[in-house]
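Worksheet: one structure, shown below.
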Amino acid sequence: GGKMRTEKLYYKNQFLTTCKAKLIEVNERGLVFDKTIAYPEGGGQIGDSGILIREKTKEEIEFLDTTKIKGRNIYLEDFPVIKVEGVIIHHINISLLNNLELGEEFIIKLNVEKRAKTTLHHSGLHLALMILANMREGIDKKIVGAKITDTYGRLDFSTEEKFSKEELQKIEDKCNELIQEKLEISSYHHTVENEAIYWKCLDYSVPCGGTHCDNTKYLGKMKVKRKNIGKTSERLIIELNEIEEFFKLYGEDNE
């Protein structure tokens, strides 16, 4: 047969919470399906978790994380090297791996609250970076690490210039202003590669294949902090509160 790959339903509609899928590979790390709604860890964003339901026994298996392997590297101008296609592993407790058969039908169900909150922290982090990049010329070229979870988003910069109280306050105030302004956020695909995606707000755009909300209004209230992680590095952290409404956009529909 052809090369194995997982169809990524979250690129078609990131608000799907459940889908039917066929088991196409079992390996020592977990299960691979012909399609999934689960977003794999990437670009700093943590992988989704949720439940896998075996159609024939109705048994529920928890998946704790989702990662992407294989695939091919693509090299585009103005875009970091990314892997496209590939397969997505749903990580489960390894003691549950043995009695599963290839070709079995499963229902994949997302932990929606975790996804929704992670999505908002991802968009919120971009918003903070947009403001920071305005204040410090070229700082966005100095990013050396990123992590986005359901409770915070953070960026690490290679710089000896620490963030001052005033700067942090200014980023926080400006972000909260932009949240109040209910600005549109858009994602658009690269002209050549469907899996190369940009995030855009106002006139600021950055390459990013993460999950995002389409309006700043969902971000609630932002808190901005810093952490000293060494002489030549600086960490910016954002936390969002009061982020209720966004969950309602997730529907129960199968694809």
Side-chain angles (χ1 to χ4, degrees), residues 6 8-19 30 36-52 62-69 80 82-83 86 88-92 108-130 143 145-156 171-172 175-176 178-179 183-187 195 197-201 206-225 227 235-252:
T6 305
K8 304 173 176 77
L9 298 177
Y10 50 84
Y11 281 145
K12 297 202 170 105
N13 176 359
Q14 73 167 34
F15 295 111
L16 294 174
T17 61
T18 171
C19 74
T36 191
I37 47 171
Y39 182 86
E41 182 196 353
Q45 180 172 330
I46 56 171
D48 277 327
S49 57
I51 296 169
L52 307 169
E62 198 182 352
F63 69 100
L64 312 158
D65 193 9
T66 314
T67 57
K68 188 163 67 171
I69 57 162
I82 60 166
K83 267 200 183 337
I88 293 175
I89 300 180
H90 302 69
H91 298 268
I92 67 172
I108 304 175
K109 276 179 114 78
L110 220 49
N111 174 340
V112 177
E113 186 171 335
K114 177 181 162 190
R115 157 71 80 79
K117 287 182 170 172
T118 303
T119 293
L120 293 176
H121 279 89
H122 202 153
S123 289
L125 193 59
H126 279 312
L127 200 66
L129 180 61
M130 173 172 102
I143 298 170
K147 176 109 177 149
I148 299 108
T149 74
D150 51 347
T151 56
Y152 68 87
R154 65 168 164 81
L155 286 169
D156 294 343
I171 297 168
E172 188 176 298
C175 283
N176 284 317
L178 296 179
I179 291 168
L183 297 173
E184 192 190 340
I185 292 172
S186 61
S187 289
E195 284 187 43
I197 298 166
Y198 295 86
W199 180 92
K200 184 170 198 258
C201 185
V206 281
C208 184
T211 59
H212 289 288
C213 57
D214 63 3
N215 195 298
T216 59
K217 69 181 179 188
Y218 297 115
L219 301 176
K221 264 194 112 42
M222 189 186 293
K223 184 98 197 85
V224 178
K225 305 191 276 200
K227 191 176 182 192
R235 175 170 290 173
L236 186 77
I237 303 158
I238 68 133
E239 288 166 4
L240 299 173
N241 303 298
E242 300 167 35
I243 47 179
E244 306 309 320
E245 291 300 297
F246 190 65
F247 304 101
K248 297 180 181 160
L249 299 179
Y250 285 81
E252 278 298 319

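- Between the side chains of Q45 and T118, not a single donor N or O lies within less than 3.5 Å of an accepting N or O.
- Applying the side chain to side chain contact (heavy atoms under 4.5 Å, CB included) test to K117 and every residue at least two apart in sequence or in another chain returns E113, D150, I243, F247.
- Once rounded to the nearest 0.5 Å, the distance linking NZ of K109 with OG1 of T18 reads 4.5 Å.
- Taking both residues in full, the closest heavy atoms of G43 and A146 are given as O-CB, 4.3 Å, listed atom of the first, atom of the second, then distance.
- Side-chain contact check for T149 versus K114: every heavy-atom pair is 4.5 Å or farther apart.
- The side-chain hydrogen bond (donor to acceptor under 3.5 Å, both in side chains) check on K12 picks up E7, with sequence neighbours excluded.
- For F246, the ring pair (Phe, Tyr, Trp, His ring centres under 6.0 Å) partners two or more places apart in sequence, or in a different chain, are F15, Y218, Y250.
- The nearest pair of heavy atoms linking T67 to P40 is C-CB, 3.6 Å.
- Here the CZ atom belonging to R235 is positioned 3.5 Å from the CZ atom belonging to R154, to the nearest 0.5 angstrom.
- The CD atom of E41 sits 8.0 Å away from atom NE2 of H91, with the distance rounded to the nearest 0.5 Å.
- Looking at L219, T216, L127, L240 one by one, the single match for side-chain contact (heavy atoms from CB on, under 4.5 Å) with C175 turns out to be L127.
- Here the straight-line distance linking atom CG of N215 with atom SG of C201 works out to 8.5 Å at 0.5 Å rounding.
- Residues passing the side-chain hydrogen bond (donor to acceptor under 3.5 Å, both in side chains) test with E172 are K223, sequence neighbours excluded.
- For L125, the side chain to side chain contact (heavy atoms under 4.5 Å, CB included) partners are I148, L155, I238, not counting sequence neighbours.
- Put simply, the side chain of D48 gets close to the backbone of Y39: a donor and an acceptor are under 3.5 Å apart.
- In terms of the ring pair (Phe, Tyr, Trp, His ring centres under 6.0 Å) criterion, residue partners of H126 (sequence neighbours excluded) are, by chain and number, H122, W199, H212.
- For T66, there are no side-chain hydrogen bond (donor to acceptor under 3.5 Å, both in side chains) partners at least two apart in sequence or on another chain.
- For the side-chain contact (heavy atoms from CB on, under 4.5 Å) criterion with I143, the lone passing option out of V206, L129, L236 is L129.
- Not counting sequence neighbours, the partners of I197 by the side chain to side chain contact (heavy atoms under 4.5 Å, CB included) test are Y11, S187, H189.
- Every side-chain hydrogen bond (donor to acceptor under 3.5 Å, both in side chains) that E245 has, sequence neighbours left out, goes to K248.
- Under the salt bridge (Lys or Arg N to Asp or Glu O under 4.0 Å) criterion, E62 pairs with no residue at all, not counting sequence neighbours.
- Put simply, the side chain of R115 never gets that close to the backbone of T17: no donor and acceptor are under 3.5 Å apart.
- When all heavy atoms are compared, the tightest approach of A38 to L110 is CA-CD1, 3.9 Å.
- The CD atom of Q14 sits 9.0 Å away from atom CG of L249, with the distance rounded to the nearest 0.5 Å.
- In this structure, OG1 on T36 lies 7.0 Å from CG on L9, to the nearest 0.5 angstrom.
- Legend: residues meeting salt bridge (Lys or Arg N to Asp or Glu O under 4.0 Å) with D65, ordered by chain and number and at least two apart, are absent.
- Contact between I108 and I37 at its shortest, heavy atoms only, is O-CD1, 3.6 Å.
- Legend: residues meeting side chain to side chain contact (heavy atoms under 4.5 Å, CB included) with S186, ordered by chain and number and at least two apart, are E184, K200.
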